[in-house]
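To start, the structure itself, in structure tokens.
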Amino acid sequence: MTIRTRVAPSPTGDPHLGTAYIALFNYAFAKQQGGEFVLRIEDTDQVRSTPESEQAIMDSLRWLGLNWDHGPDVGGEFGPYRQSERSDLYKKYAQQLVDNGKAFYCFATAEELDQMREEQMAEGLRPKYDGRGLKLSQNEIEANLAAEKPYVIRMNIPAEGTFKFNDYLRGEIEIPWENVDMQVLLKADGFPTYFLANVVDDHHMEISHIFRGEEWINSAPKLLKLYEDFGWTAPTLGHLPLLRNPDKSKLSKRKNPTSINYYKEMGFLPEAVLNYLGRMGWSMPDEREKFTLAEMIENFDMKRVSLGGPVFDVEKLSWLNGLWIRENLTDEELINRFVDWKFNGETLGKILPQVKTRINTLSDLVELAGYFVSGMPTYAPELLTAGKAEEDVIRQALQFFIWDLEALRTWEKSEIFAIAKTLADHHELKIKVFLEPIFVAISGKTSSTSVIDAMEILGSDMSRARLRVALGHIGVSKKQAKKLEKAYKVYQAD
């Protein structure tokens, strides 16, 4: 049997460190045994998936040195490798499950399901689908289908008993069926959910082992039962520990930059980032800190993964990155890295038009445009609130700006400015006043080159990271955070 693993990210945002972490361990496991590694794109979320995000994911994984044997850009015998291109296959198998009594039609509306959950919570019960679709007669089902009433297809889950499975890393795990919901397999738009698409694809792509994050443990019964329902042999399943912030909370962009592109733009070496991710819950037999991907593969044993939540510490990564720079790069190689990073014609070609009218000597470039290559700018935090807007207004406007930018599908200055103008109007601020703290957050100064142009050049990852740092300087208490979330929902509804 060929050992074959995969990573299957959704192209709905920035390429995440967690994706790289899961990809690395799946890659190392397969390659250590002479196997193959598959990249599959889970783009069934048609609202949030974008080609730009897909490309960013592929670029970031390649930047790290994780190359796939099968994938949407390299092809392979199990293609296509985008789930949106396999929709007819999922419909076929969803119908097969219905025909065999393993799944059923549910015609309940969103409003009916909301009411169901409210009634359950009022009775002190855990919100859960109540199986109403199973109570429909065949005549009722046929009448609804004939009337073209919208429906989803749900998985038929046992009401009693428990499900046991053997986790590759954790041994036997037992989960009561009462804790497992009747999962939607095929949505009303005809697209599959994660569970159906993954099972069908992993089976057809002959995936032998699946290593994923521990947050998916409780969903394992649904996943593995689908294999039973189809009569297929399930891959070996294992759950890796979650990456943690230094305070042991789940790794999140509010406390740590989580985008791979952020670390690329900050000037970290891909070798160092991959090396550090390899130390997340695993170590070399000789405990050495610094090792290459090839060395990791040669010595890799998935059974040696520690299940305690590994801490992703940016300071430790910076230290390791310094070792790679000093110990592995000649001066000539380091020069080339600088050129590849920022000091190339393409990047300077974007920056120079912003500063050319303001410089009299070449050295003026450093003062005017240094923030384009300076990582996180340093400034007195009080500069953020030194403008005409009040601190509470700045706090809310800055948080709303970050949230709106996180949902932005295309990172272009016209789109960024449109968001800024809408938020300025919402907060009854002139656009110049709204942008005052943004100037500081992005450039470290109260005035600079066009801040919107700068954000486009810096890119989404670095821009949002700088804005989050600024919001951290202003401070958001738990009480304020809840208030902001409520206010943002009202703002979105307007």
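These numbers come from the heavy atoms of this one structure, side chains and all, not from hydrogens, waters or symmetry mates. These numbers were taken from a predicted model, which means no experiment stands behind them. Residue numbers count from 1 along this sequence.
- Around atom NZ of Lys483, no more than 12 heavy atoms belonging to other residues, nucleotides or ligands sit under 6.0 Å away.
- Within the 3.5 Å criterion, the main-chain N or O of Gly238 finds no donor-acceptor partner in the side chain of Arg212.
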For this session: Determine, step by step, whether Glu298 and Thr292 satisfy the side-chain contact (heavy atoms from CB on, under 4.5 Å) criterion, reporting the C-alpha distance in whole Å, the side-chain angles of both residues, the deciding distance to 0.1 Å, and the verdict.
Result: CA-CA 10 Å; Glu298 182 181 357; Thr292 65; over 6 Å; no

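- The distance between the ring centers of Phe78 and His204 does not fall below 6.0 angstrom.
- Ion pairing of Glu54 with Arg82 is present here, as a side-chain N (NZ or NE/NH1/NH2) and a carboxylate O approach within less than 4.0 Å.
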Problem set entry | Leu237 and Tyr168: CA distance, side-chain angles, deciding distance, side-chain contact (heavy atoms from CB on, under 4.5 Å) verdict | CA-CA 6 Å; Leu237 192 62; Tyr168 188 88; over 6 Å; no

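- With 3.5 Å as the limit, one finds a donor-acceptor pair spanning the side chains of Arg40 and Asn198.
- Residues Pro310 and Tyr21 share a closest heavy-atom pair of CG-OH, 4.3 Å.
- Going from atom CG of Asp331 over to atom CG of Asn336 covers 11.0 Å, rounded to the nearest 0.5 Å.
- A pairwise comparison of heavy atoms in Pro11 and Ser53 identifies C-OG, 3.0 Å as the closest pair.
- In this structure, the side chain of Ser60 engages the main chain of Ile57 through a donor-acceptor pair within 3.5 Å.
- Using cut-offs of 30° and 60° for the angle between ring planes, the Tyr488 and Tyr491 rings count as tilted.
- Taken to the nearest 0.5 Å, the CG atom of Asn344 stands 6.0 Å off from the CD atom of Glu346.
- For Lys342 and Glu265, the salt-bridge test passes: some basic side-chain N is under 4.0 Å from an acidic carboxylate O.
- Arg48 has a carboxylate O that lies under 4.0 Å from a charged side-chain N of Asp45, or vice versa, which qualifies the two as a salt bridge.
- The CG atom of Leu383 lies 6.5 Å from the OG1 atom of Thr446; values are rounded to the nearest 0.5 Å.
- Annotation: Glu390, atom CD; neighbour count of heavy atoms from other residues, nucleotides and ligands within 6.0 Å does not exceed 12.
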For this session: Walk me through it: do Met280 and Phe312 pass the test side-chain contact (heavy atoms from CB on, under 4.5 Å)?
Result: CA-CA 7 Å; Met280 296 291 97; Phe312 190 91; 4.2 Å; yes

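- For the pair Lys432 and Phe434, the cation-pi criterion (under 6.0 Å, within 45° of the ring axis) is not fulfilled.
- Within the model, atoms CG of Asp69 and CG of Leu39 stand 11.0 Å from one another, a figure rounded to the nearest 0.5 Å.
- Donor-acceptor pairing under 3.5 Å is recorded for the side chains of Tyr90 and Asp201.
- Centroid-to-centroid, the aromatic rings of Phe268 and Trp341 stay 6.0 Å apart or farther.
- In this structure, Lys388 does not pair ionically with Glu436, as no charged nitrogen and carboxylate oxygen lie closer than 4.0 Å.
- Within 6.0 Å of atom NZ in Lys445, more than 12 heavy atoms from other residues, nucleotides or ligands are found, so the atom counts as buried in its surroundings.
- Ser460 contributes no side-chain N or O that, together with a main-chain N or O of Trp411, makes up a donor-acceptor pair within less than 3.5 Å.
- Between Arg288 and Glu295, at least one side-chain nitrogen of the basic residue sits less than 4.0 Å from a carboxylate oxygen of the acidic one, meeting the salt-bridge criterion.
- A salt bridge links Arg117 to Asp114: at least one charged side-chain nitrogen sits closer than 4.0 Å to a carboxylate oxygen.
- Looking only at atom types and distance, the side chain of Asp73 has a donor-acceptor partner in the side chain of Trp68 under 3.5 Å away.
- Side-chain N or O atoms of Arg244 include none that pairs as donor or acceptor with a backbone N or O of Gly308 at under 3.5 Å.
- Rounding to the nearest 0.5 Å places CG of Leu405 at 11.0 Å from CD of Glu415.
- In this structure, Thr19 contributes its side chain and Pro15 its backbone to no donor-acceptor pair below 3.5 Å.
- Other residues, nucleotides and ligands contribute over 12 non-hydrogen atoms within 6.0 Å of the CZ atom of Phe343.
- Taken to the nearest 0.5 Å, the CG atom of Leu334 stands 11.0 Å off from the CZ atom of Arg326.
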For this session: Please test Ser363 against Thr361 for side chain to side chain donor-acceptor pair (under 3.5 Å), starting from the C-alpha separation and ending with a verdict.
Result: CA-CA 5 Å; Ser363 59; Thr361 65; 2.9 Å; yes

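- In this structure, Glu289 pairs ionically with Lys316, as a charged nitrogen and a carboxylate oxygen lie closer than 4.0 Å.
- Salt bridge annotation for Lys482-Glu485: absent, with no cationic side-chain nitrogen under 4.0 angstrom from a carboxylate oxygen.
- Here the side chain of Asp202 pairs no donor or acceptor atom with the backbone of Ile207 at under 3.5 angstrom.
- Looking at heavy atoms from C-beta onward, Ile419 lies in side-chain contact with Leu408 at the 4.5 angstrom threshold.
- A donor-acceptor pair under 3.5 Å is formed between the side chain of Asn26 and the backbone N or O of Phe211.
- Closest approach of Lys413 and Asp453 over heavy atoms only: NZ-OD1, 3.0 Å.
- Between the His427 side chain and the Leu423 main chain, a donor and an acceptor come within less than 3.5 Å of each other.
- In this structure, Asn275 and Lys290 have side chains that are in contact, with non-hydrogen atoms separated by less than 4.5 Å.
- Of the possible polar contacts, none joining the Glu85 side chain to the Tyr81 backbone as a donor-acceptor pair under 3.5 Å is found.
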Exercise. Hey, mind stepping through Leu398 and Ile438 against side-chain contact (heavy atoms from CB on, under 4.5 Å) and telling me if it holds?
Worked result: CA-CA 8 Å; Leu398 188 53; Ile438 309 300; 3.7 Å; yes

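- Ion pair Arg337/Asp340 not flagged as a salt bridge, since none of the NZ, NE, NH1 or NH2 atoms sits closer than 4.0 Å to an Asp/Glu carboxylate oxygen.
- Using modelled atom types, one side-chain atom of Asp43 and one backbone atom of Gln83 make a donor-acceptor pair closer than 3.5 Å.
- Shown here is Glu315, whose CD atom has no more than 12 heavy atoms of other residues, nucleotides or ligands within 6.0 Å.
- No hydrogens or angles considered: a donor-acceptor pair under 3.5 Å links the side chains of Glu36 and His70.
- Of the candidates Leu269, Val314, Asn321, Val314 is the only one forming a side chain to side chain contact (heavy atoms under 4.5 Å, CB included) with Tyr263.
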For this session: In sequence, state the C-alpha distance, the side-chain angles, and the governing distance for Ser249 and Asn245, and then conclude on side chain to side chain donor-acceptor pair (under 3.5 Å).
Result: CA-CA 5 Å; Ser249 61; Asn245 294 309; 2.9 Å; yes

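- Phe25 has its ring centre less than 6.0 Å from the ring centre of Phe300.
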